Amino acid sequence: MSSPTVSASIFSCWIQPTSAQGDAVSVVPSPTYGKVGSEVTLSIQGFSKTACRYTWYRKSTESSNQIISYHIKTSVQKPENSREMIFPNGSLLIPNLTLSDNDVYILQVVHSECEVTTVRTRLQVYADLHSTGIIKVSILVGAVTEVAILGAFIYILCIRKIGRDSRGILRNPILGRRIRQAQKEGEYGL
């Protein structure tokens, strides 16, 4: 009869998740946010117990959302051919980030005391604006707009304001003195 009791205690060891709030355990992305094409490491902070296994999930802890698992005793990462890599301390390395990596990541740590600690974090991934050319296009549009505004300003102040007064002399508020001087020199043959 001891066999069912042992089985029940082993089974209960796997189904008792605990909150990480009491342990002050957190997962911190490094760098703080990801950039498309680069890598990020989700590091565990504040975990002081002895771990048996680390398992990472995306979105929820359903088995279909499992990313990777690492067993401390055997030093085996499963699946072995995953894009992501898990370190012996439980940190998760995600290389070659894409926008689809922008998600909630969940870490479950199985302790030696037959407890499970669950920690969640959100990874933000942004597009590299320099490589997509958005900034270059913005600079070009800004420069063209500036030239157009400057051209309109010059037209309004210089060309459109030129007119003739009642004596037939060209006038311009900016160039007026030079125009009048040039016309006087032309009239008197100076």
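What you are looking at is a predicted structure, and each value in this text was computed from that prediction instead of being measured.
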Determine whether R58 and Y105 make a side-chain contact, defined as any pair of heavy atoms from C-beta on separated by less than 4.5 Å.
yes
Do other residues, nucleotides or ligands put more than 12 heavy atoms under 6.0 Å from the OH atom of Y33?
no
S43 versus T41, side-chain donor and acceptor atoms under 3.5 Å:
no
Contact check, side chains of V109 and F47, non-hydrogen atoms, under 4.5 Å
yes
Run the salt-bridge test on E39 and R83 with the 4.0 Å N-O cut-off and return the result as yes or no.
no
With a 3.5 Å cut-off and no angle check, do the side chains of T117 and H111 form a donor-acceptor pair?
yes
Minimum heavy-atom distance N65-S60, with the two atoms named:
ND2-OG, 2.7 Å
Are I86 and V40 connected, step by step, through hydrophobic side chains (Ile, Leu, Val, Met, Phe, Trp, Tyr) whose heavy atoms are closer than 4.5 Å?
yes
Partner of V36 by side chain to side chain contact (heavy atoms under 4.5 Å, CB included), out of V125, L97, N96, T98
V125
Counting only N and O atoms by type, is there a donor-acceptor contact under 3.5 Å from the side chain of S82 to the main-chain atoms of P79?
no
Co-membership, hydrophobic cluster, residues Y54 and L93, 4.5 Å side-chain:
no
Is the number of heavy atoms from other residues, nucleotides or ligands under 6.0 Å of R122 CZ greater than 12?
yes
A side-chain contact here means heavy atoms from C-beta on lying under 4.5 Å apart; do N102 and Y126 qualify?
no
Taking the side chain as every heavy atom from C-beta outward, state whether K49 and E115 have any pair of such atoms under 4.5 Å apart.
yes
